[in-house]
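So the structure is just underneath, and the comments pick up after that.
Heavy-atom basis, side chains included; hydrogens, waters and symmetry copies ignored. Values in this document were obtained by computation on a predicted structure and should not be read as measured data.
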Amino acid sequence: MKHDPALNPSALRQRASAHRAMAMAALRANSSLSVRLSRYNDHMAKARALEAQEVAL
């Protein structure tokens, strides 16, 4: 799914917050440690990228 790159800062902040929440949920999931860590890292990378995009606006 493609996202509109012209999102306003509050929408970017909300998406980053959602990814941080998903990252924390990934740590509590009933999965192996490697899967939980991988999911956590993926979501945190997305959150950081969104925050960097927000700063660049």
Side-chain angles (χ1 to χ4, degrees):
M1 179 175 163
K2 283 263 189 194
H3 293 285
D4 184 10
L7 290 172
N8 63 36
S10 103
L12 291 172
R13 197 173 304 119
Q14 287 176 339
R15 286 184 53 214
S17 178
H19 278 289
R20 281 191 299 275
M22 287 184 273
M24 295 308 292
L27 291 178
R28 294 185 297 270
N30 188 15
S31 303
S32 69
L33 179 59
S34 63
V35 168
R36 288 182 287 163
L37 184 59
S38 175
R39 289 177 56 211
Y40 172 83
N41 286 333
D42 288 344
H43 283 296
M44 287 305 293
K46 290 176 185 175
R48 288 183 197 107
L50 289 167
E51 289 169 349
Q53 193 176 7
E54 177 187 356
V55 170
L57 290 179

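Across all non-hydrogen atoms, the minimal contact from Ala16 to Ala47 is O-CB, 3.6 Å.
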### Task
Could you check Glu51 against Arg20 for side chain to side chain contact (heavy atoms under 4.5 Å, CB included), going step by step and ending with a plain yes or no?
CA-CA 11 Å; Glu51 289 169 349; Arg20 281 191 299 275; 2.3 Å; yes
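Ser32 is linked by a side chain to side chain contact (heavy atoms under 4.5 Å, CB included) to Ser34, Val35, counting only residues two or more places apart in sequence or in another chain.
Put simply, OG on Ser17 and CG on Leu50 are 11.0 Å apart, with the number rounded to the nearest 0.5 Å.
Note: the hydrophobic cluster containing Leu27 does not contain Met22 (ILVMFWY, side chain heavy atoms under 4.5 Å, direct or indirect links).
Residue pairs that meet the side-chain hydrogen bond (donor to acceptor under 3.5 Å, both in side chains) test with at least one member in residues 36-49, sequence neighbours left out, are His19-His43.
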